[in-house]
Amino acid sequence: MTENFRINLTPDDVPKNWYNILADLPLELPKPKNSEGKDQISDLQKVFTKTALEQEFATERNIKIPNEVRELYMQMGRPSPLVRARRLEEKLNTPAKIYFKREDTSPTGSHKLNSAIPQVYFAKQEGVENLTTETGAGQWGTALSLAGSLLDVDITVYMVKVSFNQKPDRKNIMNIYDGNVFASPSENTKIGREILAKTPDHPGSLGVAISEAMEEALEKDNVKYSLGSVLNHVMLHQTVIGQEIKTQLEIAEEEPDVMVACAGGGSNLAGSLFPFIKDKIDGNSDTEFIAVEPSACPTLTEGNYEYDFGDTNGFTPMLKMFTLGHDFVAPSVHAGGLRYHGMSPIVSLLVKENIINPTTAQQRDAFNAGMTFAKCEGVLPAPETTHAIKAGIDEAIKAKQTGEEKTIVVNFSGHGMLDLKGYAKFIDGSMKNC
Ligand SMILES: *Cc1c(COP(=O)(O)O)cnc(C)c1O
């Protein structure tokens, strides 16, 4: 019997192009805009690399992946396996087939390296010596630090101060990859110093960290700023995930009925789903697409679709997206990567057009699903990833009730081996359900 438990591709199967969904959207994507009377950055060219800005507004369907980037993808473990969750299916006693795409197999443990590598590569090509960024939970800062170390570009990471203090291992790993990590607010920047003068024990926020990282890029020569989600060029880079899944499902002779990913800024969702969404837009499939967010930060399910800033201080241009308001502060749930007030404008448009269906999961239910998954399949999901697992399990239970032999694909965005404190809280019962 030849059943496909694990579908591995060869390095040659790493996609040669990124897929740009801007070529296929049913409606034109609303452009970023500036608002009057705010202290906004007027010169984006000063802040972002030339290539990032070009790719942000590119309209061709396929954008070539430079050979060196493709080789680094291979060296860092791409293509990633697609695995059938056989023991989970048995445990749920479902006729559904559940596949999960293992983005946790990257050295930094999540999908973030898929965009970190090209962003650092293009910066290097343009003669940039230092990239600055912000990090909340630490996954993006880790990926960018590794990419910087591989390609010899200095990386400066502003890490939200509470996370900096709570997650020393995240800082350690960034330091191992030569990332310069500062607790934000810091003394490095004008905005940091202003905040510290007023509130010496300020806990920091993603909005403040973005402002600090941007200020440094704005003030210094040969320094640029890099963002790990939300923007179109980041979604673009992540489409290697979905293109690989397509090849893998063809080998398994499967058509997906349901595809699930968690959504913070939208990048792992975009990466795994966009190549399949093209088929749906073209009228060639009726796959259902599900975006899962924490009920503590319900951007897509309860936010408004309107223009809003990307950061708390109103430093960035305004983007048309689902948003809870740029001053929204999500409760401190363990899935730090899903606590953003906004969402990728492309993902937002697809939700608005009912092509992607959003849903929420509560923190304890998500961790419970993560525990079940780990016991059956071995891999411990990141707190963010448990949200996708929860929704995937719900779909498999629905299929059991209706007796349908559905094929469910879950994007497994990262592992939780540096998030064991969250699991410990779940196990000892002190985790809040929110
Ligand atoms: C950063 C992160 C997320 C959320 O970010 P997206 O841009 O929405 O993908 C989800 N899972 C993991 C493991 C992450 O590191």
Side-chain angles (χ1 to χ4, degrees), residues 80 100-116 119 133-146 157 159-160 163 167 170 173-174 206 226-242 260-274 289-294 296-300 310 321-322 330 333-348 350-351 356 358 360-361 366-367 370 373 379-392 410-419 422:
S80 69
F100 61 109
K101 175 67 167 168
R102 294 219 31 203
E103 288 304 302
D104 63 292
T105 56
S106 125
T108 61
S110 82
H111 65 286
K112 297 285 197 317
L113 206 51
N114 298 332
S115 187
Q119 288 202 42
T133 198
E134 73 290 326
T135 203
Q139 293 270 22
W140 172 245
T142 308
L144 201 68
S145 297
L146 172 54
V157 182
M159 185 170 187
V160 177
S163 302
K167 301 191 170 194
R170 276 287 169 202
I173 186 95
M174 286 187 260
L206 220 39
S226 162
L227 192 64
S229 188
V230 184
L231 297 179
N232 303 345
H233 65 279
V234 185
M235 307 296 126
L236 175 78
H237 300 152
Q238 292 293 350
T239 58
V240 290
I241 306 174
V260 189
C262 62
S267 75
N268 87 88
L269 176 116
S272 53
L273 269 47
F274 282 4
F289 302 105
I290 303 178
V292 195
E293 50 187 18
C297 190
T299 313
L300 291 168
M321 61 185 175
F322 276 95
V333 287
H334 287 275
L338 304 182
R339 285 183 67 225
Y340 185 59
H341 69 271
M343 183 59 64
S344 143
I346 305 179
V347 171
S348 296
L350 292 166
V351 168
I356 297 173
T360 59
F367 269 82
F373 188 91
V379 208
L380 186 71
E384 292 82 4
T385 312
T386 61
H387 292 72
I389 307 273
K390 165 73 171 72
V410 176
N411 192 43
F412 196 92
S413 57
H415 70 65
M417 294 305 278
L418 289 176
D419 304 282

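Atoms within each ligand, like the ligands themselves, are counted from 1 in listed order.
If you check which protein heavy atom lies closest to atom 7 (O) of ligand 1, you get S229 OG, 2.5 Å. Ranking the protein heavy atoms by distance from atom 12 (C) of ligand 1 puts S413 OG, 3.5 Å first. Here the protein heavy atom with the shortest distance to atom 15 (O) of ligand 1 is K112 NZ, 2.8 Å. Shortest contact from atom 4 (C) of ligand 1 to any protein heavy atom: G337 O, 3.4 Å. Nearest protein neighbour of atom 10 (C) of ligand 1, counting heavy atoms only, is E384 CB, 3.5 Å.
Screening H233, Q238, H237 against S115 for a side chain to side chain donor-acceptor pair (under 3.5 Å) leaves a single residue, H237. Each of K101, H111, R102 was scored for a side chain to side chain donor-acceptor pair (under 3.5 Å) with S80, with one residue passing: K101.
L350 is listed as a side-chain neighbour of F274, based on a closest heavy-atom distance under 4.5 Å.
Close to ligand 1: H111, with a non-hydrogen atom less than 4.0 angstrom away.
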ask   = Hey, mind stepping through W140 and V157 against side chain to side chain contact (heavy atoms under 4.5 Å, CB included) and telling me if it holds?
value = CA-CA 9 Å; W140 172 245; V157 182; over 6 Å; no
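Shown in contact with S110 at under 4.0 Å from a heavy atom are these atoms of ligand 1, numbered in order with element: 13 (C), 15 (O). Less than 4.0 angstrom separates some heavy atom of G414 from each of these atoms of ligand 1: 13 (C).
Classified by interplanar angle (parallel below 30°, tilted 30° to 60°, perpendicular above 60°), the ring pair F367/H334 is perpendicular.
Between I346 atom CD1 and L231 atom CG the span is 9.5 Å, to the nearest 0.5 Å.
Residue-to-ligand polar distances keep L269 apart from ligand 1: every N/O pair is separated by 3.5 Å or more. On a distance-only criterion, C262 and ligand 1 share no N/O pair closer than 3.5 Å. Considering both main-chain and side-chain atoms, G264 comes within under 3.5 Å of ligand 1 through a nitrogen or oxygen pair.
Side-chain contact of S226 with T133: a donor-acceptor pair under 3.5 Å is absent, judged by distance alone. Between E103 and N114, the side chains place a donor N or O and an acceptor N or O closer than 3.5 Å (distance only, hydrogens not considered).
Without hydrogens or angle criteria, S348 side chain to F322 main chain gives a donor-acceptor distance under 3.5 Å.
When heavy-atom distances to ligand 1 are checked against a 4.0 Å cut-off, A263 comes that close only through its backbone atoms N, CA, C and O. If you look at E103 next to ligand 1, there are no close heavy atoms at all, none under 4.0 Å.
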